[in-house]
Protein chains: 2
Amino acid sequence: MGVMERVAPRRKKAVAPAGVEAAKIATDCLLRGDCIAEMAKLPDACIDMIFADPPYNLQLGGDLFRPEGGRVDAVDNDWDKFDTLGSYDRFTKAWLREARRILKPNGSIWVIGSYHNIFRVGTALQDEGFWILNDIIWRKSNPMPNFKGTRFTNAHETLIWASQGEDAKYTFNYKAMKTLNDELQMRSDWVLPICGGQERLKRNGTKAHPTQKPEALLYRVMLACTKPGDVVLDPFFGTGTTGAVAKRLGRKWIGIEREDDYIEVALERIEAALPLDESALTIMQTARQQPKVAFGTLVETGYLQPGAVLTDAKRRWQAVVRADGSLSVGKDTGSIHKMGATLQGAPSCNGWTFWHCEIDGALKPIDALRQTYLLANEP
Amino acid sequence: MGVMERVAPRRKKAVAPAGVEAAKIATDCLLRGDCIAEMAKLPDACIDMIFADPPYNLQLGGDLFRPEGGRVDAVDNDWDKFDTLGSYDRFTKAWLREARRILKPNGSIWVIGSYHNIFRVGTALQDEGFWILNDIIWRKSNPMPNFKGTRFTNAHETLIWASQGEDAKYTFNYKAMKTLNDELQMRSDWVLPICGGQERLKRNGTKAHPTQKPEALLYRVMLACTKPGDVVLDPFFGTGTTGAVAKRLGRKWIGIEREDDYIEVALERIEAALPLDESALTIMQTARQQPKVAFGTLVETGYLQPGAVLTDAKRRWQAVVRADGSLSVGKDTGSIHKMGATLQGAPSCNGWTFWHCEIDGALKPIDALRQTYLLANEP
DNA sequence: TATATAGTTGAATCGCCTG
DNA sequence: TCAGGCGATTCAACTATAT
C-alpha cells in the first residue's frame with residue numbers, strides 16, 4: 001500500500017527504560033483549574049490513558065430555528081471561543097505537550113472532535129510526535145437533523161487514538177473488543193446513540209453540560225485500551241463521564257475541570273456510580289462472555305423453537321437449531337457464526353445476518369428476532 | 001453566538017465578481033503530467049468541482065518538496081519528522097493553492113484520505129481559506145481485516161467537502177440526496193462496498209491501481225454537488241473513476257495523471273462508459289429550485305376565491321382570503337407567512353404548509369393547490 | 001395500567017433576494 | 001453593508017399528557 005508509516009523514517013523509541021518505576025500519584029480525584037496548569041503539576045510518565053474532549057471551536061453564526069419554530073439551544077459557552085485558528089492551534093499544542101509528558105511511554109491518548117477542530121487536533125498530535133493508531137468514527141444513531149437542508153446531516157464525531165510513538169507497546173484488548181462485537185473484529189466505526197434520557201444530567205431542569213458524552217463511548221474506549229487498575233486522566237472532565245465509567249470498570253481516574261458547576265455535578269455523579277464486581281470484569285477481559293444477547297437466549301425464551309430450520313438468504317444451506325443454542329448441519333455443529341463461516345469457506349461470518357428464518361411468512365435474518373427480543377426485554 | 005468571533009477577521013469572500021465570464025476550456029480530456037504543473041496551465045475560476053484522491057505515501061511529495069538547506073527545529077531536533085510531515089504539508093498546500101485558483105467562486109472541492117494524511121489535508125484546506133461543509137465517512141461494508149489483531153479494523157475512509165469560503169453559494173442537491181436515501185436526509189456516513197469484482201480494473205491479471213475508488217462513491221458525490229454540464233476536475237486521476245462517472249452522469253471532466261500505465265487504463269475505461277440519457281439524469285428538485293408561485297396568483301386565477309376561509313391543521317385559527325392575496329384575521333392582515341408567524345408567535349412560518357383549506361372534503365395545506373396550479377400551468 | 005398522541009431536544013460552522 | 005420580506009425546512013428518542 002505504500003502508506004506514510006512505511007516510508008517514514010524511524011521515530012524516537014517510546015519504550016520505558018527498564019527498572020524505572022512510575023511515580024505514585026493521588027487518583028480518583030478531581031483537580032480544579034486550567035488543564036495545562038494542572039497537568040504541569042503532575043510528574044512525568046504517571047498516566048496510562050488520557051481521554052480528552054477539548055473545545056471544538058464551533059464558530060456558530062446567529063440563532064438557528066427549527067422548522068416548527070423552536071430555537072436550537074446551541075453551544076455558545078465562552079470556553080468554546082477562540083479568536084483564530086492559530087490561537088486554537090497554540091492551545092491544542094500546549095495541552096498535548098503536557099499530556100505527552102505525563103503519559104507513560106506505553107500509554108495511549110484518545111481525543112474526540114468534529115470537523116471543526118479534529119483536523120487541527122490530528123495534525124498537532126502528529127507534530128508533537130504521537131503515533132496515530134486509528135481514527136474512530138462515532139456514528140450517532142440519533143443526530144440532530146440539518147434543519148435547513150443545506151448540507152449532509154452531521155451524523156458523526158471522530159476520535160483519534162494515538163500512542164507515544166511507532167514502537168510503543170500500547171494496550172489493546174483485542175479479544176474483549178471482538179467479544180463485545182459479537183465475535184467479529186471491532187471496526188473503526190461505532191454506532192452509539194447520543195447521550196439523552198435518564199443518563200443526561202440536569203441542573204434546575206436544564207442540561208448540566210451542553211456536550212455530555214455517552215457512557216457507552218467511554219466504556220468501549222476504556223475496555224479496549226486499559227487494564228483494571230490503570231490510571232485514566234481526563235483533562236476536560238466536564239460532568240465526569242470518564243470518571244463514572246472508570247469507577248464502574250475498576251480503573252483509577254483523575255479529572256481536571258475549571259467550571260464549578262460542572263465539578264459539583266461530576267462529583268455527585270461519580271459518587272453514585274456503582275463499580276462492576278470483579279468477576280464480571282474478568283469475564284469481559286478474557287472474552288468468555290457471551291454476546292449481549294446470546295442466540296441461545298432466543299431459544300430459551302421461545303423466540304425460536306429447538307428443531308427450527310434456518311437457511312441462508314438464498315436457501316443454499318439449511319441448519320437445525322438445537323436446544324443449547326448451537327446449530328447442526330449434518331454431523332457438524334457450532335455457533336451461528338462458526339457454521340456460517342464453515343459452510344461458506346469464509347474466515348468469519350456474522351451468523352445474525354447470514355441465517356434466516358420464516359417470520360410472518362417472509363424469510364428474514366435472525367437478527368430481526370434479536371431486535372424484537374431487545375425491544376421487549378431491555379431493562 | 002460569538003462575541004469573540006465578531007472580532008475575528010473576516011474570511012475571504014468567495015462570490016464571483018459581476019460580469020466575469022468563466023473561461024472556455026477543453027474538457028473530457030486527460031492531461032499527462034504533474035498535477036501542480038498541469039493545473040497551473042488552466043485559467044482562473046474554470047472548474048465547478050474538484051475531486052481529489054491524493055497520494056498518502058511520501059515518495060512523490062518528498063521528492064518534490066525536500067526542505068531547502070537544513071531548516072531544523074532546534075528545540076524539537078526531530079529532523080526526520082520535519083522532513084516527512086513537512087514535505088507532505090508543502091506538497092498538499094501547493095496543489096490546494098492551484099486547485100483553489102482554478103475552482104469557480106461557487107465551486108466546491110472534495111478530498112479523500114485516511115488517518116495517515118487526512119488531518120494534514122483538512123488543516124491545509126482550512127489554512128488556505130477553504131470552508132469545510134462536511135466531513136463524510138465512507139464506511140466500507142467489506143474492509144480488509146486487521147490480520148494481526150493489534151488495532152481496530154480500519155473500516156472507513158474520510159472525505160472532506162469544502163467551499164471557497166463561508167459565504168460561497170455551493171451546489172447541494174438536497175432533495176436528490178434525500179430521495180436516494182429513502183426519503184430521509186442523507187447523513188454524513190455512507191455505507192458503500194469497496195471496489196471489487198467486475199468493477200475492479202486489472203492489468204495482466206493483477207489490479208491496475210492499488211486504491212481504485214468505487215464508482216458508487218463518485219456517483220453520490222457528483223449527484224450531490226454538481227449539475228449536468230458542470231466541469232469536474234480530478235488532479236490525481238488514476239484509473240479514471242471520476243471521468244467514467246462524469247461521463248455517465250452527463251458532467252464534463254478533466255483528469256490529470258502522470259503514470260502512463262494508469263492513463264492507458266483510464267482512457268479505455270471511459271471510452272467504454274455509457275452515458276445515461278437525459279431523462280434518467282433528472283433529479284428531484286427542492287422547492288427552492290422550482291418556479292415560484294405567489295399566493296396571489298392562486299386568487300387571481302380562481303384556485304381560491306376571495307372570502308375563502310383558511311385554517312391551520314388543527315383548526316385553532318382562521319383567516320379570510322382577500323382579493324389581493326393577503327389574509328385577514330380580525331383586524332390584522334398580512335401575507336400567508338406573516339400571519340402564520342404572528343398567530344403562532346414564531347419568528348417565521350411557511351404559510352404554504354401552515355394554512356389549510358377544504359379540498360374534496362378533506363383539510364389540505366394550500367401547498368396542494370399550488371402543486372395543482374404548477375401541474376396545469378407548467379411551461 | 002396500558003396505549004396513543006403530542007411535545008421536546010440533541011457539539012449546527014443551516015437562505016436568498018431586494019432596496 | 002444591513003435590514004426586511006418572502007418562504008423553505010427535521011430525525012430519532014425520550015417525556016408528558018390524554019384516553
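Letters A, B, ... mirror the listed sequences (proteins, then strands); counts begin at 1. As the structure is a prediction and not an experimental result, all values here were calculated from the model.
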Can you identify which nucleotide, out of dA12(C), dA11(C), dA8(D), has its nearest atom closest to the Leu64(A) side chain? dA12(C)

Report which part of the nucleic acid Pro143(A) touches: base, sugar-phosphate, or nothing (heavy-atom distance under 4.0 Å, all strands). base

When the P atoms of dC14(C) and dG5(D) are compared, how many Å lie between them, rounded to an integer? 23 Å

Rounded to whole Å, please give me the gap between CD in Glu68(A) and P in dA8(D). 18 Å

So what does Leu184(B) touch, heavy atoms closer than 4.0 Å: a base, only the sugar-phosphate, or nothing? sugar-phosphate

Given dC11(D), dG7(D), dA11(C), the nucleotide with the shortest approach to the side chain of Pro145(A): dC11(D)

OP1, OP2 of dT10(D) versus side-chain N and O of Arg151(A): anything below 4.0 Å? no

Is there a side chain to side chain contact (heavy atoms under 4.5 Å, CB included) between Leu369(A) and Trp352(A)? Walk through the geometry before answering. CA-CA 9 Å; Leu369(A) 286 177; Trp352(A) 289 107; 6.0 Å; no

Distance from Met49(A) atom CE to Leu233(A) atom CG, nearest 0.5 Å? 9.5 Å

5'-most by nearest nucleotide on DNA chain C - Pro210(A) or Lys148(A): Pro210(A)

Given DNA chain D, 5'-ward residue of the pair Ser335(B) and Thr353(B), judged by closest heavy atom: Ser335(B)

Of dG10(C), dA8(D), dC17(C), the nucleotide closest to the side chain of Asp73(A) is dG10(C)

How would you label the contact of Ile132(B) with the nucleic acid (heavy atoms, under 4.0 Å): base, sugar-phosphate, or nothing? base

For Thr211(A), answer base if it contacts any base atom (sugar-phosphate contacts may also be present), sugar-phosphate if it contacts only those atoms, and nothing otherwise; contact means non-hydrogen atoms under 4.0 Å. base

As a test of the definition: with a 90° window around 0 for syn, would you call dT13(C) syn or anti? syn

Can you check whether Trp138(A) and His156(B) have ring centres sitting under 6.0 Å from each other? no

Are Asp76(A) and Lys81(A) close enough for a salt bridge, meaning some N to O gap below 4.0 Å? no

Less than 6.0 angstrom separating the ring centers of Phe172(B) and Phe152(A), yes or no? yes

Nearest whole Å is fine: how far is dT9(D) P from Asn146(A) CG? 11 Å

With sugar-phosphate meaning primed atoms plus P, OP1 and OP2, does Gln198(A) contact a base, only sugar-phosphate, or nothing at under 4.0 Å between heavy atoms? sugar-phosphate

Take atom C1' in dA11(C) and the same atom in dT15(D), then report the distance between them in whole Å. 23 Å

What integer distance in Å separates Trp131(B):CH2 from dC14(C):C1'? 12 Å

Measuring to OP1 and OP2 of dA11(C), would you say a side-chain N or O of Gln212(A) lies under 4.0 angstrom away? no

Does a side-chain N or O from Arg71(A) land closer than 4.0 Å to OP1 or OP2 of dC14(C), or not? no

Base, sugar-phosphate, or nothing for Gly197(A), non-hydrogen atoms under 4.0 angstrom? sugar-phosphate

Mind checking who dC2(D) pairs with, Watson-Crick or G-U wobble, both distances under 3.5 Å? dG19(C)

Presence of Tyr115(A) side-chain N/O under 4.0 Å of dT13(C) phosphate oxygens OP1/OP2: yes

May I ask you to verify whether the side chain of Arg66(A) and the base of dG10(C) hold a donor-acceptor pair under 3.5 Å? yes

note: His156(A), atom NE2; dA11(C), atom C1'; distance rounded to Å ~ 12 Å

Just the rounded figure in Å: distance from P of dA11(C) to CE of Met144(A). 7 Å

Contact class for Asp53(A) vs. all strands (heavy atom < 4.0 Å): base, sugar-phosphate, or nothing? base

From CG of Asn173(B) over to C1' of dG15(C), roughly how many Å is that when rounded to an integer? 16 Å

Would you say Lys207(A) places a side-chain N or O within less than 4.0 Å of OP1 or OP2 belonging to dG10(C)? yes

Is it the case that the base of dA11(C) and the side chain of Lys213(A) share a donor-acceptor contact (distance under 3.5 Å, atom types as modelled)? yes

So Arg370(B), base contact, sugar-phosphate only, or nothing? Heavy-atom distance under 4.0 Å. sugar-phosphate

Need one value for Asn154(A): base, sugar-phosphate or nothing, where a base atom within 4.0 Å counts as base even if backbone is also close, heavy atoms only. sugar-phosphate

In whole Å, measure the gap between the P atoms of dA12(C) and dG7(D) for me. 30 Å

Going by an N to O cut-off under 4.0 Å, is there a salt bridge joining Arg120(A) and Asp127(B)? yes

Residue Ser348(B), side-chain heavy atoms: nucleotide from dA11(C), dT13(C), dA8(D) that is nearest: dA8(D)

Could you tell me whether Tyr56(A) and His116(A) have their ring centroids closer than 6.0 angstrom? no

Do any side-chain nitrogens or oxygens of Asn142(A) fall under 4.0 Å of OP1 or OP2 in dC14(D)? no

For Ser141(A), which contact category applies under a 4.0 Å heavy-atom criterion: base, sugar-phosphate, or nothing? sugar-phosphate

Side-chain N or O of Lys175(B) versus OP1/OP2 of dT9(D): is the shortest distance under 4.0 Å? no

Mind checking if Cys349(B) touches a base, just sugar-phosphate, or nothing, with heavy atoms under 4.0 Å? base

note: Asp167(B), atom CG; dT1(D), atom C1'; distance rounded to Å ~ 12 Å

Which whole number of Å gives the distance between the P atom of dT9(D) and that of dG10(C)? 25 Å

Side-chain touch Leu159(B)/Ile137(B), heavy atoms, less than 4.5 angstrom: no

With a non-hydrogen cut-off below 4.0 angstrom, is Pro214(A) in contact with a base, only sugar-phosphate, or nothing? nothing

Mind checking the P distance from dC16(C) to dT10(D)? Whole angstroms is fine. 15 Å

In whole angstrom, what separates Asp76(A)'s CG from dA11(C)'s P? 14 Å

Can you check whether Tyr174(B) has a side-chain N or O nearer than 4.0 Å to OP1 or OP2 of dT10(D)? yes

Under 5.5 Å centre to centre and under 30° between planes: does that hold for Phe147(A) and the six-membered base ring of dC14(C)? no

Could you tell me whether Trp161(B) and Tyr170(B) have their ring centroids closer than 6.0 angstrom? yes

